[in-house]
Amino acid sequence: MQLTDANLSLSLVRSYWQQAELDWAYPSYQRPYNWLIYTRSGRGYVELGSRRLKLLPGSMVVVPLNRECHYHCTEPMEIGACAFTLQMSPGVDVFDLYRVPDNPVPVSDAQLFSDIIDADSQAGCTLLAMGAVLRLLAPVLEASTTRGESGQDEVRMQKVLSYIDQHLSDLDMTDLSEQLGFSDGHFSRWFSSALGVSPKRYVIQKRVESATRLLLFGGQNIEAVARQCGYEDALYFSRIFKKYTGLSPRDYRKTKQFDLGSQ
């Protein structure tokens with residue numbers, strides 16, 4: 001399901017209710033979607049590197065795309081999960097530029113999550129689900145902060161990220177730096193300060209993200225996926241992919257474990 005206006009494009013991938021017991025566990029590799037997680041009952045938390053997002057009754061958190069995360073249950077839970085992307089421009093997800101809050105956001109209307117999840121099984125509920133997601137995300141975005149220092153040129157960064165996404169197969173960072181009037185060193189410092197990650201690492205992350213989608217939904221072989229993502233050597237691509245996702249491209253495609261609870 002997808003909804004687009006002049007500035008934002010929202011896509012819903014999957015949503016469902018899930019029971020989580022104390023032994024809740026599944027492969028913790030990066031996924032190419034944001035996750036909106038609502039805790040109906042019970043308690044737990046999500047580890048994102050050095051950050052910990054608490055899962056508390058009557059509240060929700062957003063787990064940003066392409067972050068390796070570990071989920072833990074400290075009290076049996078019932079959660080609602082929704083996988084989505086919210087792009088500001090092609091290839092630029094809102095949560096590429098904005099950091100989600102560490103504290104859970106209270107949910108005043110739990111029916112909104114039911115509206116989202118019911119849309120997967122009931123015809124004619126698409127717009128209702130889209131509206132529910134946007135209403136739920138509004139307080140999250142309000143509490144989010146831009147990555148990097150205040151005063152960064154968000155519009156310029158958005159154009160840079162869109163350019164990277166459109167040129168993943170043949171990207172030349174020196175050309176991009178020159179287009180912005182930056183030296184390579186200046187561009188690298190500016191980019192790293194704004195996003196908290198180097199241009200090189202960001203490009204790898206976006207190539208891996210693109211590869212996960214091609215592997216899940218495309219019919220190309222591994223070699224073709226590698227080339228489309230900017231890697232002429234399929235073996236090197238496979239090593240990079242496994243380093244960032246925890247699975248080889250072949251295993252990732254075979255399992256298709258892009259949702260929270262699948263095994």
Side-chain angles (χ1 to χ4, degrees), residues 1 8 10-86 93-122 125 128-147 196 245-246 257-263:
M1 295 183 289
L8 292 175
L10 171 65
S11 294
L12 300 187
V13 181
R14 183 184 175 98
S15 58
Y16 52 84
W17 294 109
Q18 178 178 343
Q19 298 289 336
E21 302 299 331
L22 294 178
D23 60 353
W24 186 34
Y26 63 93
S28 56
Y29 52 86
Q30 298 180 40
R31 290 163 170 80
Y33 307 104
N34 304 296
W35 284 97
L36 185 60
I37 304 175
Y38 166 64
T39 305
R40 178 181 275 178
S41 63
R43 295 172 185 270
Y45 58 92
V46 184
E47 289 183 344
L48 292 171
S50 61
R51 302 171 62 197
R52 177 176 289 191
L53 307 181
K54 294 181 180 179
L55 303 177
L56 301 177
S59 67
M60 64 184 180
V61 299
V62 170
V63 179
L65 74 176
N66 297 321
R67 307 292 194 276
E68 185 170 357
C69 53
H70 301 268
Y71 294 80
H72 302 269
C73 179
T74 57
E75 179 183 311
M77 296 187 295
E78 182 179 11
I79 60 173
C82 173
F84 71 96
T85 59
L86 183 62
D93 194 89
V94 167
F95 296 108
D96 283 332
L97 292 176
Y98 287 82
R99 171 174 165 153
V100 300
D102 288 329
N103 296 321
V105 176
V107 175
S108 58
D109 185 358
Q111 180 60 39
L112 292 173
F113 244 95
S114 294
D115 291 342
I116 297 168
I117 294 171
D118 290 346
D120 264 357
S121 58
Q122 298 180 14
C125 294
L128 184 64
M130 292 289 187
V133 171
L134 292 174
R135 287 177 62 186
L136 287 166
L137 286 177
V140 175
L141 292 171
E142 184 178 358
S144 299
T145 56
T146 55
R147 297 182 181 275
T245 68
Q257 294 174 319
F258 64 96
D259 59 282
L260 272 174
S262 61
Q263 293 293 330

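Heads up: numbering here begins at 1 and tracks the sequence. None of these values were measured; they are calculated from a predicted model.
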A.B. asks: Among I116, L36, D115, which one satisfies side-chain contact (heavy atoms from CB on, under 4.5 Å) with S15?
C.D. replies: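 Single pass found, and it is I116.
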A.B. asks: Got a second to check how far T39's OG1 is from L56's CG, nearest 0.5 Å?
C.D. replies: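 Between atom OG1 of T39 and atom CG of L56 there are 7.0 Å.
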A.B. asks: Compare all side-chain heavy atoms of W24 with those of M77 and state whether any distance is below 4.5 angstrom.
C.D. replies: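 In contact.
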A.B. asks: Under 4.5 Å between any side-chain heavy atoms of C82 and I117, yes or no?
C.D. replies: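 No, side chains not in contact.
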A.B. asks: If you apply the rule side-chain contact (heavy atoms from CB on, under 4.5 Å), what do you find for Y71 with L53, and how did you get there?
C.D. replies: CA-CA 9 Å; Y71 294 80; L53 307 181; over 6 Å; no
A.B. asks: Count the heavy atoms belonging to other residues, nucleotides or ligands that lie under 6.0 Å from CD of Q111, then report whether that count exceeds 12.
C.D. replies: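 Above 12, so yes.
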A.B. asks: Atom CG of L112 and atom CE of M60: how far apart are they, to the nearest 0.5 Å?
C.D. replies: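 So the CG of L112 and the CE of M60 are separated by 8.5 Å.
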A.B. asks: Measure the OH-OG distance between Y98 and S144 for me, rounded to the nearest 0.5 Å.
C.D. replies: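 Answer rounded to 0.5 Å: 9.0 Å.
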A.B. asks: Whether the side chain of N34 engages the backbone of T85 through a donor-acceptor N/O pair (distance < 3.5 Å, no angle test) should be reported.
C.D. replies: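 A pair under 3.5 Å: no.
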A.B. asks: I need the R43 CZ to T74 OG1 distance, nearest 0.5 Å.
C.D. replies: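 Separation between the atoms: 7.5 Å.
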A.B. asks: Quick one, V62 with F95, criterion side-chain contact (heavy atoms from CB on, under 4.5 Å). Give me CA distance, side-chain angles, the key distance, then yes/no.
C.D. replies: CA-CA 9 Å; V62 170; F95 296 108; 4.1 Å; yes
A.B. asks: CZ of F84 to OH of Y33: how many Å apart, nearest 0.5 Å?
C.D. replies: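 Answer rounded to 0.5 Å: 13.0 Å.
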A.B. asks: Please find the pair of heavy atoms, one from P104 and one from P106, that lie closest to each other, and give the distance.
C.D. replies: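 In this case the closest contact between P104 and P106 is O-CD, 3.8 Å.
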A.B. asks: For R52, which residues count as a salt bridge (charged side-chain N to carboxylate O under 4.0 Å, His left out) partner, sequence neighbours excluded?
C.D. replies: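 Salt bridge (charged side-chain N to carboxylate O under 4.0 Å, His left out) check on R52 returns E47.
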A.B. asks: Could you check L10 against L12 for side-chain contact (heavy atoms from CB on, under 4.5 Å), going step by step and ending with a plain yes or no?
C.D. replies: CA-CA 7 Å; L10 171 65; L12 300 187; 4.1 Å; yes
A.B. asks: Can you tell me how far CZ of R99 sits from CG of L48, rounded to the nearest 0.5 angstrom?
C.D. replies: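 Spacing of CG (L48) from CZ (R99) equals 9.5 Å.
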A.B. asks: Would you give me the side-chain donor-acceptor pairs under 3.5 Å for residues 130-141, sequence neighbours excluded?
C.D. replies:
none

A.B. asks: By the ring-ring contact (aromatic ring centres under 6.0 Å, His included) test, which pairs, at least two apart or in different chains, include something from residues 37-56?
C.D. replies: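 Applying ring-ring contact (aromatic ring centres under 6.0 Å, His included) to every pair that reaches into residues 37-56, excluding sequence neighbours, yields Y38-F113, Y45-H72.
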A.B. asks: Can you check side-chain contact (heavy atoms from CB on, under 4.5 Å) on W17 and R40, steps first, answer last?
C.D. replies: CA-CA 9 Å; W17 294 109; R40 178 181 275 178; 3.0 Å; yes
